[in-house]
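Data first, discussion second: the structure below is written as structure tokens.
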Amino acid sequence: MKAWWKEGVVYQIYPRSFQDSNGDGVGDLPGIISRLDAVAELGADIIWLSPVYASPGIDNGYDISDYRSIDPLLGTMADMDRLFGEAKKRGIRIIMDLVVNHTSDEHEWFQKSRRREPGYEDYYIWLPGKNGRPVVPPNNWTSFFMEDAWTWDELRGEYYLHLFHKKQPDLNYKNPKVIDEVKGILKFWLDRGASGFRCDVINALYKTSLEDGKKNIMITGTEHFLCQEGNHEILRILRRDVLDHYDCFTVGETALVNLEDAKLLSDEKRRELNMVFYFDHLEVDRLVARFVPKKFRAGELLKRLDKWQRGLEWNAVYLENHDQSRIVSHYGAGEKNPLYWERSAKLLAVLEFTLRGTPFVYQGQEIGMTNFDFTGMGEVKDIESHNLDRLMKKLHLPARLRWKWIRASSRDNARTPYQWSAGAGAGFTTGEPWLGINGSHRRINYEAQKDDPASVLGFYKRILRLRAGSETLKYGEFHPLFARGPCIAYERRPPAPAGRPETSAGQADGAPPEDAAGSGGVYTVLLNFSGKTAELPRSWAAAPFATEPVLSNTGRTAPPSGTLEPWEAVILKGR
Ligand code: TEU
């Protein structure tokens, strides 16, 4: 089924780091409003706003103390209403970040719960210590932030569960009142003008049991709380009672999800979520979670893409977000060689915009922003990186290795302020930025690219237009062609015409019909993930592609025959 949220392109804004308007060094809502034209010019038509709610800010807003008010650091509710209005004028819808696995410990529900105020006793997950002893936590679970998942609360005289930081206590979804609260929050924002939600760790809501978990060096206990039947049920209730009554969509951030669970969560017929963020395609070069690296193999990336592209009815396609390293530093060439930096940033744009699904662009991705250039832990703010460092110290890992892994994986890589210009404060702030500005802003910035069609930004604009005009790129099927060394190739084939069932994967041969707009037909994508000229397989024949490439990051005017240039990406059409 077609939908606006399938055709649209989402632009993720991390408010603290996007644009400061009052010189306090923190990005804010008026700042976002002043940059809406840049989002519109890119061609994005949906904004995902990372949390803007009242929050003590220990996890930059993912610790909410009031879901119905705006963090004074970021602005006011009047600013928020103005943002909805100004975005609408430009044809941009806004989705909010729904963070309801946990609240801040400063939320009034938690304060009431600690005091056992009637009605609030069971809003959170409280337990006495093991065997009734206060010194031993109720079970062996650990948190996503690599600490114990339980903290003792003196006032209540019990432990509470937190799958993240101790200032982020988990809500108790066995309590129907909690579900009602969430319904209220959804309605509140939908009525104010939101068009949907990105749902934070939405597959961990329901804790089926609080038994000990199987030991895992990253996180223990998941078999008791990830993708449980109770979780599916809650999502169906929210959909039935609220979301289905609005023109909106949801994308779930689903931690550690596998394909089978992702299918259940996003299956249109089950009416839970519309799509999910999974992590598999970003972990080709990661051994343990995001932290321990291994060698990148393009063939492995293609294999994983294939699995999810064809495994799910609809994908959320992304390469970056506020928790990930910058993709040009991750799968691309980094910034050392300016030509390869630019080419690989464009190659990654080709990858993202030729996959099947709703594309999500994270702020700065479209200008090729790179990982931070910090030199030590003193500059890092992210609590996760600090916990990781502590854990690695405990394991006696040498300082150099610790720093190497943190540099590669820290969430602050994505959180340095947006690079609007080469000037002081990068055009982000006139004050002292809350997090260091990457020195690369002198070369990599919006100003330098905004009017240059040959820039990374210019390339993004082109490829967004290409996708917008093509039924095949939006709705067509994905088909892997080959992987050879650093090169991969795949096709997008036109969607099955309405009224006829889609051909199942693997048997869609024969000449597919052009769609009415004339933008159908097969697209073939070739990518070289390396700084070396690379050979295409012998079976590759350029001959059938009579026409010039639809898009190329090297200026190529004829289809490649035997080789691809370093970091070359090319889209061909017609066969
Ligand atoms: O992230 C949850 C999550 O599952 C992980 O990807 C997360 O990045 C964590 O670092 C595990 O290594 C979401 C948000 O995206 C993240 O920013 C928040 O810190 C977290 O939830 C808690 O709200």
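Order of listing sets the numbers, starting from 1, for every ligand and every atom in it.
- Which parts of ligand 1 touch His322 is read off a 4.0 Å heavy-atom cut-off, strictly below it: atoms 14 (C), 15 (O), 16 (C), 17 (O).
- Of the protein's heavy atoms, Phe164 CE2, 3.7 Å lies nearest to atom 20 (C) of ligand 1.
- A side-chain contact (heavy atoms from CB on, under 4.5 Å) with Ile95 holds for exactly one of Trp5, Phe249, Trp189; it is Phe249.
- With hydrogens left out, the protein atom closest to atom 14 (C) of ligand 1 is Asp200 OD1, 3.0 Å, a heavy atom.
- A salt bridge is absent between Asp153 and Arg115: the closest approach of a Lys/Arg side-chain nitrogen to an acidic carboxylate oxygen does not fall below 4.0 angstrom.
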Evaluate the side chain to side chain contact (heavy atoms under 4.5 Å, CB included) criterion for residues Asp148 and Ser143: first the C-alpha distance (whole Å), next the side-chain angles of each, then the deciding distance (0.1 Å), finally the verdict. CA-CA 6 Å; Asp148 277 353; Ser143 84; over 6 Å; no

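- Among protein heavy atoms, atom 17 (O) of ligand 1 sits closest to Asp323 OD1, 2.8 Å.
- Cation-pi contact between Arg93 and Trp4: present, with separation from the ring centre below 6.0 Å and deviation from the ring axis of at most 45°.
- Atoms of ligand 1 lying under 4.0 Å from at least one heavy atom of Val201, given by number and element, are 2 (C), 3 (C), 4 (O).
- Aromatic rings of Tyr67 and Phe188 (six-membered ring for Trp) have centroids beyond the 6.0 Å cut-off, not under it.
- Near Glu384, with a cut-off below 4.0 Å to any heavy atom, the atoms of ligand 1 are 9 (C), 10 (O), 11 (C), 12 (O).
- Shown here are the side chain to side chain donor-acceptor pair (under 3.5 Å) partners of Lys167, two or more places apart in sequence or in another chain: Asp105, Glu106.
- Rounded to the nearest 0.5 angstrom, Arg415 CZ and Asn321 CG are separated by 9.0 Å.
- Here is the list of ligand 1 atoms found below 4.0 Å of a heavy atom in Arg415: 17 (O).
- For the side-chain contact (heavy atoms from CB on, under 4.5 Å) criterion with Leu161, the lone passing option out of Trp141, Tyr124, Trp126 is Trp141.
- Note: Phe225 and Tyr206 fail the aromatic proximity criterion, with ring centroids not under 6.0 Å apart.
- Of all protein heavy atoms, the one lying nearest to atom 5 (C) of ligand 1 is Glu253 OE2, 4.0 Å.
- We find that Arg402 and Asp389 are joined by a salt bridge, their nearest charged nitrogen and carboxylate oxygen being less than 4.0 Å apart.
- What sits closest to atom 19 (O) of ligand 1 on the protein, heavy atoms only, is Asp59 OD2, 2.5 Å.
- The Ala255 neighbourhood of ligand 1 comprises atoms 4 (O), with distances under 4.0 Å to a heavy atom of that residue.
- Distances shorter than 4.0 angstrom do not occur between any heavy atom of Gln324 and any atom of ligand 1.
- Residue contact annotation: Met146 has no non-hydrogen atom under 4.0 Å from ligand 1.
- Judged by the shortest distance from any of its heavy atoms, Met218 lies outside the 4.0 Å radius around the atoms of ligand 1.
- The shortest separation from a heavy atom of His165 to ligand 1 is not under 4.0 Å, leaving the residue out of contact.
- Under a 4.0 Å criterion applied to the non-hydrogen atoms of His102, ligand 1 contributes the atoms 22 (C), 23 (O).
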